[in-house]
Amino acid sequence: GTSRKMSFGFNGKMNGVEGKTPFLIGVSGGTASGKSTVCKRIMEKLGQVDKDHTERQVVCISQDSFYRDLTPAEKLKAEKGQYNFDHPDAFNNDLILQTLRDILAGRKCEIPAYDYRTNSLIKDKVTTIYPADVVLFEGILVFYFPNIRDLFHMKLFVDTDSDTRLARRVPRDINERGRDLDYVLNQYMNFVKPAFEEFCLPTKKFADVIIPRGADNTVAIDLIVHHIWDILHTKNGDSASGQHPYIEHRRTS
Ligand code: CTP
């Protein structure tokens, strides 16, 4: 469509063939770097800073919801700590792409639910994601595939020391994910660490903002939130060219 118009949802406009286009933010970083907490802080602060719009809809989605279901053979491997959950192919990347495209088109979509204790999708359980103004998508490999990476309007990388991350991951996996110490450390040395170095760390260069120390970095999070707020309010988002309003905002400012 040559004259299709789009608008950010924050204006409450629905002009064009599909729904409102949210501001889509990708948040990556190694395991236990604090991605979820950074997302939570952004969500909280965006609500606070946004005095003239109390009904700002911000949602956060995790890449972990898109783990592939395992075959019986893979399941056995996973139980023995011999399955690589940190490889890009461990995720249903087609579904990630489709979901993010639906979100950008303002369509409501359904997200699978995942259980780390059984390494499997929870049968008959989905979460419905309704069109929002800002959508955060967080995960270890959200910047890996170019076709997924290119969909984000803003890319953040949470940069936390690997020893800090390991110190957080061990108790989390034991307490919340039903693993024992041996399992966690073996999985970390055999898969998590090498895959981080091979697949996740090289995507840091695609980030717009790198956040040292993660969620403790309140200055960085405040700056990011104010920038998001500016983008959402400076331009009303109409674009006769059919280009994304954020791109136009960048071009004209
Ligand atoms: N993983 C696992 N078992 C599964 C599925 C995933 O151990 N059945 C692990 C993978 O090894 C991967 C990690 O889950 O390293 C991904 O989740 P992580 O990024 O650690 O969790 P988040 O809560 O998304 O991130 P953060 O702690 O940074 O908030």
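Just follow the structure's listing: the first ligand is 1, and inside any ligand the first atom is 1. Keep in mind it's a predicted model, so treat the numbers as computed, not measured.
- Close N/O approach between K35 and ligand 1 is found [any backbone or side-chain N/O within under 3.5 Å].
- Side-chain contact between F91 and I140 is present, with at least one heavy-atom pair separated by less than 4.5 Å.
- Under the ring pair (Phe, Tyr, Trp, His ring centres under 6.0 Å) rule, F143 has a single partner from F206, F157, F152, F137, which is F152.
- Side-chain contact between I221 and I42 is present, with at least one heavy-atom pair separated by less than 4.5 Å.
- When non-hydrogen atoms are compared, ligand 1 lies under 4.0 Å from neither the backbone nor the side chain of Q63.
- Remark: ligand 1 atoms within the under-4.0 Å shell around heavy atoms of Q187 are 2 (C), 7 (O), 11 (O).
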Evaluate side chain to side chain donor-acceptor pair (under 3.5 Å) for D94 paired with Q98, printing each intermediate quantity in order.
CA-CA 6 Å; D94 291 336; Q98 189 51 52; over 6 Å; no

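- On a distance-only criterion, D86 and ligand 1 share at least one N/O pair closer than 3.5 Å.
- Close contacts between ligand 1 and Y114 involve ligand atoms 4 (C), 5 (C), 8 (N) [criterion: under 4.0 Å to a heavy atom].
- For the pair Y116 and ligand 1, the shortest N or O to N or O distance does not fall below 3.5 Å.
- Side-chain contact between Y116 and D173 is absent, with no heavy-atom pair separated by less than 4.5 Å.
- Using a 4.0 angstrom heavy-atom cutoff, S33 counts as in contact with ligand 1.
- Every N/O-N/O distance between F85 and ligand 1 stays at or above 3.5 Å.
- Not a single N or O atom of S62, backbone or side chain, sits closer than 3.5 Å to an N or O atom of ligand 1.
- With a 4.0 Å cut-off on non-hydrogen atoms, T31 touches ligand 1 through its backbone as well as its side chain.
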